Amino acid sequence: MLSGMPPATANTSTAPTIARDVLGILRLPAPQAAPLLIGCELEAHGVRARIVETEAYHSEADLACHAARGRTPRTEPLYAKSGTLYVYLCYGLHQMLNLVCDVEGTPSAVLIRAIAITAGEDVARERRQNLRTPLARLANGPGRVAQALALNRNHNHSGLELGQAICPLKLHPASSRPPLANGGRIGVAYAGPEWGAKPWRWWERDFPVAGRAS
DNA sequence: CTCTAGATCTAT
DNA sequence: TAGATCTAGAGG
């Protein structure tokens, strides 16, 4: 154990170590990574926000996961290495931001369902075209998340990897571990009783508007 | 080629 | 409570 440890003096900058730790969360299967991502912060295009609600989609066996029907051009990023972005269009209108998890070749991802803006509120409000709503409601809902962060599959954000220079999205570690709650995933009743009811949604327990459908 | 059902959001 | 708006995937 000690033989593998670098000398203390080698660790002059902690930033790369911390970044590696956060990305390490994504190496876990999505159902394990999803709760650990609550409290972490996302930053993109001038907006920074704490993740307050996540949802896991895991494996081709999961009938609610897009990979349930196998590998296709759209779902290709789901099979890529952890830290890859999977962004897709839902209902013809909304962009959904997912962070790919687990080992390469295993389709597994966490949908970011809600974030709490911590910096860049004015920019986020402009993008959301909403100057009045309470801050907590500005980006609660997966479509709102991508809009606030200005992430969009039309801008080729799907398939990019966290940590690469061209990737506009950064993931920062959690500064605290808030109490969590969990429950069933939203809008996946079509996946049948088993997969439709899996309690694979997690949220920050005390966040005002997390943990509900709206 | 056509058809249809979405991991939703907003205003009425 | 319905309308917006588009595309992947299935079926012909």
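Per chain, numbering begins at 1; letters A, B, ... match sequence-line order. These figures come from a predicted structure and were not determined experimentally.
Nucleotides C/dT1 and B/dA7 have their P atoms positioned 23 Å apart, rounded to a whole Å.
Rounded to whole Å, atom P of B/dT10 lies 10 Å from atom CG of A/Leu138. Whole-Å rounding puts the A/Tyr88 OH to B/dA5 P distance at 17 Å. For the pair A/His66 NE2 and B/dG6 P, the interatomic distance rounds to 10 Å; values are reported in whole Å. Separating the OH atom of A/Tyr91 from the P atom of B/dA5 is a distance of 12 Å, rounded to the nearest angstrom.
A salt bridge does not link A/Glu43 to A/Lys170: none of the charged side-chain nitrogens sits closer than 4.0 Å to a carboxylate oxygen. Remark: A/Arg185 does not engage A/Glu55 in a salt bridge, criterion side-chain N to carboxylate O under 4.0 Å.
Near DNA chain B, meaning a heavy atom under 4.0 Å away, there are no residues from residues 34-43 of chain A. Within residues 67-86 of chain A, no residue has any heavy atom closer than 4.0 Å to DNA chain B. Of all the residues in residues 44-59 of chain A, A/Tyr57 reach under 4.0 Å from DNA chain B with at least one non-hydrogen atom. Less than 4.0 Å separates DNA chain B from at least one heavy atom of each of the following residues of residues 187-195 of chain A: A/Gly187, A/Val188, A/Tyr190.
Of all heavy-atom pairs spanning A/Asn152 and A/Val87, the tightest one is C-CG1, 4.2 Å. Considering every non-hydrogen atom in both A/Pro29 and A/His58, the closest pair reads CB-CE1, 3.8 Å.
Panel note: side chain A/Asp62, backbone A/Tyr57; no donor-acceptor pair is recorded below 3.5 Å. The backbone N or O of A/Arg153 lies less than 3.5 Å from a partner atom in the side chain of A/Gln95, making a donor-acceptor pair. Checked by atom type and distance alone, the side chain of A/Asp21 never pairs as donor or acceptor with a backbone atom of A/Leu23 at under 3.5 Å.
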Is there a side-chain contact (heavy atoms from CB on, under 4.5 Å) between A/Tyr86 and A/Tyr79 once you walk through the steps? CA-CA 10 Å; A/Tyr86 173 53; A/Tyr79 292 80; over 6 Å; no
Set out, in order, the CA-CA distance, both residues' side-chain angles and the distance that settles side-chain contact (heavy atoms from CB on, under 4.5 Å) for A/Ile25 and A/Leu171, then state yes or no. CA-CA 11 Å; A/Ile25 293 174; A/Leu171 179 63; over 6 Å; no
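Applying the side-chain contact (heavy atoms from CB on, under 4.5 Å) criterion to A/Ala124, with sequence neighbours excluded, gives A/Val47, A/Ile117, A/Leu138, A/Ala148. Evaluation of the side-chain contact (heavy atoms from CB on, under 4.5 Å) rule for A/His45 yields A/Arg127, A/Ala150, A/Leu151, A/His157, A/Pro168 as partners, not counting sequence neighbours. With sequence neighbours excluded, the residues satisfying side-chain contact (heavy atoms from CB on, under 4.5 Å) with A/Ala34 are A/Thr54, A/Ala56, A/Val110, A/Trp202. Applying the ring pair (Phe, Tyr, Trp, His ring centres under 6.0 Å) rule to A/Phe207 yields no partners; only residues at least two apart in sequence or on another chain are considered. Among residues two or more places apart in sequence or in another chain, the side-chain hydrogen bond (donor to acceptor under 3.5 Å, both in side chains) test is passed with A/Glu41 by A/Arg48, A/Thr118. Residues forming a side-chain hydrogen bond (donor to acceptor under 3.5 Å, both in side chains) with A/Glu121 (at least two apart in sequence, or on another chain): A/Arg125.
Contacts between chain A and DNA chain C, taken as any atom within less than 4.0 angstrom of a protein heavy atom, begin and end at C/dA4 to C/dA10.
Nucleic acid contact for A/Leu89: sugar-phosphate only, since backbone atoms but no base atoms lie under 4.0 Å from a heavy atom of the residue.
Within the 4.5 Å cutoff, the side chain of A/Leu99 has heavy atoms near those of the A/Leu85 side chain. Side-chain contact between A/Leu180 and A/Arg205: absent, with no pair of heavy atoms (C-beta onward) separated by less than 4.5 Å.
Linking Ile, Leu, Val, Met, Phe, Trp and Tyr whenever their side-chain heavy atoms come within less than 4.5 Å puts A/Val123 and A/Leu149 in one cluster.
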Each base of DNA chain B marked ( ) or [ ] if paired in-strand (Watson-Crick or G-U under 3.5 Å), | if paired to another strand and . if unpaired gives ||||||.||||.
